[in-house]
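Working notes for the structure below.
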Amino acid sequence: MHLLSARPGGHVDDDGRGVVRVAQKPGEIVVLSAADTTLALLADAVDALPADHPGVRLANLMWLRQPASVDLYVDDVLRHARVVVIDHLGSPGDWDYLVERAVSVARAQGQWLALFSGDFGEDRQLLVRSTAPVDDCRLLWRCLRDGGPEHARRFFALIGHAAFGRGVRPLTPEPLPAALPYTPPDATPWPTPLADAPVTLLVFYRAHLQSGNTKAFDAMLAALAHAGLRPMALAVDSLKNPASLALLQKTVASQSVAVVLNATGFAISALATPGAGDDETPVFDAHTGDALVLQLITAGCGHEQWQADPHGLTPRDLAMQVVLPEVDGRIATRAISFKGVAARCERAQIDVVRYQPEPRRMAFVAELARRWCALRAKPNAGKRLALILANYPNDDARLANGVGLDTPASTVRILYALRAAGYLVHDLPPDGDALIAALAKGVTNDLDGNDDRPAFQSLALADYMAAFARLPQESQAAVNALWGPPERDPMMR
């Protein structure tokens, strides 16, 4: 068995791939959630509980992905509790072994067990497996979904009343707005933008606002301001919520937003366009007009893990924040923050994990947004575009190859569409065959034929050597070992 030695309730960076033993002591109340924002919100509430309140333990479901991890946690902590709450995030099959063990222990020992969905849709299959009354489970669910310090206090007040006979039953929380404008608590250090500075809109999950996890977004807004842009922000529960989309659309239109920086994940289903038959309009196009959408990445791992992993981001982050957003036509940027321990809640025996901003990477994204704004304002005739086609080895038969696609014909259509839109496109081929013939006149991956073909690009030796000198020493050595020093190559003179 692979056993990781974790700090008591600490942040584990292996994404649940190994077996983790969470070093917590038993407590009368155990709350499990996969959302660091929820755990941070509850940790703040635990610190404010009366001294005589039953002991609380908070733990991340991500630590319990392996059955062996579940067994260890049940033996060490869960079976000793009087109350167990599982904020279940994911598909019905996720955490199935944990749910099975929790239900078995609760029924055998008479525990007060509340199971409910970790998102905004009610899951009746979880509710009926709870030993706590369904109405109590629903109230706890509403407290966590609506979020905020007051709802976190009601969360523990309901548990105290229902399971321990303490106090009175709290009222059902008033629902919070699905989306709301956000202003950092202290934006005074920002430079004053020029009157005509492009407006940029940062969109992030409302859960971060509710849990106080806004440090990274405050820093991103400041970086945009220092890049000469005029930043704004919206906190949304989900861009699949019509109310959130309506506020997004209203803000983009009323403020003439030039670029949207989106920090929400997943892809968004397209909207049917009235009167357009089966045609659909991508959600961002329908609600942001011609404003460009850049995808921000808030890494779900720590900075050290990101640096050590040859892939950088975890598979989950790549899927949710890179691959799926590309379905909506969003342009990926780079990770602007990483998870890190911000504080320690001793009463709940957990490290509070929040996003830690990366200023240099934020400055890069802010400059990228500024340049996109400048490009957006430039006439099409002044823009330079490149269409990049596949050039597989080892012969020209695979130029612009795409399985099941007529890539050359599509490329020609794109070129004519660009010319119609005002781009300076000259000498257009009449069809795909003519395009491939033109491309094959120059250097390709057909190495045997390249000696007789002209290279339509060149670089002066001095310029090449200057660029070569900027490479790391190990890269220079690798190139020299493979090809020899460039100054000895007669083709470089």
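Computation of the quantities below employed the complete heavy-atom set of this structure, encompassing side-chain atoms and omitting hydrogens, waters and symmetry-equivalent molecules. Throughout, residue positions are numbered sequentially from 1 according to the sequence presented.
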- Task: May I ask you to decide if Leu294's main-chain N or O and Thr333's side chain share a donor-acceptor pair within less than 3.5 Å?
- Result: no
- Message: With a 4.5 Å cut-off on side-chain heavy atoms, are Arg154 and Leu171 touching?
- Response: yes
- Message: Can a donor-acceptor pair be found, under 3.5 Å and without considering hydrogens, that links the side chain of Ser69 to the backbone of Val20?
- Response: yes
- Taking Gln305 for its side chain and Gly312 for its backbone only, find out whether a donor-acceptor pair lies under 3.5 Å. no
- Task: Might you point out which heavy atoms bring Asp87 and Gly118 nearest each other, and give the distance in Å?
- Result: OD1-CA, 3.2 Å
- Step through the shown structure and confirm whether more than 12 heavy atoms of other residues, nucleotides or ligands are within 6.0 Å of CD on Glu174. no
- If you measure from CG on Leu58 to CG on Asp351, what distance do you get to the nearest 0.5 Å? 11.5 Å
- Hey, could you give me the CD/OG distance between Glu358 and Ser337, rounded to the nearest 0.5 Å? 8.0 Å
- Can a donor-acceptor pair be found between the side chains of Tyr97 and Asp71 at a distance below 3.5 Å? yes
- side chain to side chain contact (heavy atoms under 4.5 Å, CB included) between Arg354 and Asp36, intermediate numbers included: CA-CA 7 Å; Arg354 300 188 191 276; Asp36 284 316; over 6 Å; no
- Item | Side chain Gln476, main chain Leu471, donor-acceptor under 3.5 Å | yes
- Task: Of all the heavy-atom pairs spanning Ala114 and Leu140, show the shortest one and how long it is.
- Result: CB-CD1, 3.9 Å
- What one should report as the nearest heavy-atom pair of Pro231 and Trp190 is CG-CZ3, 3.6 Å
- Item | Check: Gln249 and Leu245 side chains under 4.5 Å, non-hydrogen atoms | no
- Item | Residue pair Phe116 / Leu126, side-chain heavy-atom distance below 4.5 Å | no
- Mark yes or no for whether Arg57, through its side chain, and Ala348, through its backbone, hold a donor-acceptor pair below 3.5 Å. no
- Report yes if some heavy atom in the side chain of Ile29 is under 4.5 Å from a heavy atom in the side chain of His53; otherwise report no. yes
- Query: Can you name the closest pair of heavy atoms from Ser130 and Leu113 and give their distance?
  - Reply: CB-O, 3.2 Å
- Message: Checking Asp317 against Gln321: is there a side-chain donor and acceptor pair closer than 3.5 Å?
- Response: yes
- Query: Got a donor-acceptor contact below 3.5 angstrom from the Trp141 side chain to the Asp119 backbone?
  - Reply: yes
- Task: Return yes if some donor-acceptor pair links the side-chain N/O of His80 with the main-chain N/O of Asp75 below 3.5 Å, else return no.
- Result: yes
- In sequence, state the C-alpha distance, the side-chain angles, and the governing distance for Thr214 and Tyr355, and then conclude on side chain to side chain contact (heavy atoms under 4.5 Å, CB included). CA-CA 8 Å; Thr214 61; Tyr355 289 163; over 6 Å; no
Sequence neighbours left out, cut at 3.5 Å: what donor-acceptor pairs do the side chains of residues 192-207 make with other protein atoms?
unit_1 : atom_1 : unit_2 : atom_2 : d
Tyr205 : OH     : Gly265 : N      : 3.1
Arg206 : NH1    : Pro177 : O      : 2.6
Arg206 : NH2    : Arg145 : O      : 3.2

- Message: Can you confirm whether the side chains of Tyr73 and Gln24 place a donor and an acceptor under 3.5 Å from each other?
- Response: yes
- How about Arg371: does its CZ atom have over 12 heavy atoms from other parts shown lying under 6.0 Å from it? no
- Query: Just by distance, with hydrogens left out, do Asn262 and Thr264 show a side-chain donor and acceptor under 3.5 Å apart?
  - Reply: yes
- Query: If you measure from CG on Asp136 to CD1 on Ile159, what distance do you get to the nearest 0.5 Å?
  - Reply: 9.5 Å
- From CG (Leu144) to CG (Leu41), nearest 0.5 Å: 7.5 Å
- Task: Take Leu115 and His88 through the side chain to side chain contact (heavy atoms under 4.5 Å, CB included) test and state the conclusion after the steps.
- Result: CA-CA 7 Å; Leu115 294 163; His88 186 287; 5.9 Å; no
- Heavy-atom side-chain contact between Arg347 and Leu49 under 4.5 Å: yes
- Note on the structure: Shortest non-hydrogen pair, Ala102 vs Ile86, comes out as CB-CD1, 3.8 Å
- Message: When you compare the side chains of Asp237 and Ser244, does any donor N or O come within less than 3.5 Å of an acceptor on the partner?
- Response: yes
- Message: For Lys25, is the NZ atom crowded, meaning more than 12 foreign heavy atoms sit under 6.0 Å from it?
- Response: no
- Query: Under 3.5 Å, side chain of Trp95 to main-chain N/O of Leu89, donor-acceptor pair present?
  - Reply: yes
- Show your reasoning for whether side chain to side chain contact (heavy atoms under 4.5 Å, CB included) applies to Glu28 and Val83. CA-CA 6 Å; Glu28 293 177 278; Val83 171; over 6 Å; no
- Return yes when atom CD of Glu150 has more than 12 non-hydrogen atoms of other residues, nucleotides or ligands closer than 6.0 Å, and no otherwise. yes
- Query: Could Arg21 and Asp76 be called an ion pair, given the rule that one side-chain N must be under 4.0 Å from one carboxylate O?
  - Reply: yes
- Please confirm whether the backbone N or O of Cys137 pairs with a side-chain atom of Arg142, one donor and one acceptor, at under 3.5 Å? no
- Query: Say you draw a straight line from SG of Cys345 to CG of Leu42; how long is it, rounded to the nearest 0.5 Å?
  - Reply: 10.0 Å
- Message: Can you confirm whether the side chains of Asp123 and Ser117 place a donor and an acceptor under 3.5 Å from each other?
- Response: no
- Query: Any ion pair linking Arg65 and Asp94 (charged N to carboxylate O, less than 4.0 Å)?
  - Reply: no
- Query: Taking the side chain as C-beta and beyond, is there a heavy-atom pair between Leu209 and Tyr182 under 4.5 Å?
  - Reply: yes
- Heavy atoms, side chains only, cut-off 4.5 Å: are Leu32 and Leu98 in contact? yes
- Under a 4.5 Å cut-off applied to non-hydrogen side-chain atoms, are Leu180 and Leu234 in contact? no
- Message: Between His208 and Phe217 (judged by ring centroids, cut-off 6.0 Å), do the two rings come close enough to count as a pair?
- Response: yes
- Query: Between Arg344 and Glu346, is there a salt bridge with N-O shorter than 4.0 Å?
  - Reply: yes
- Task: Taking all heavy atoms of Arg138 and all of Glu122, pick out the closest pair and write down the distance.
- Result: NE-OE1, 2.8 Å
- In Å and rounded to the nearest 0.5 Å, what is the OG1 to CG distance from Thr411 to Leu405? 10.5 Å
- Hey, does the side chain of Arg334 reach the backbone of Arg361 with a donor-acceptor pair shorter than 3.5 angstrom? no
- For Asp463, what residues pass the side-chain hydrogen bond (donor to acceptor under 3.5 Å, both in side chains) criterion, not counting sequence neighbours? none
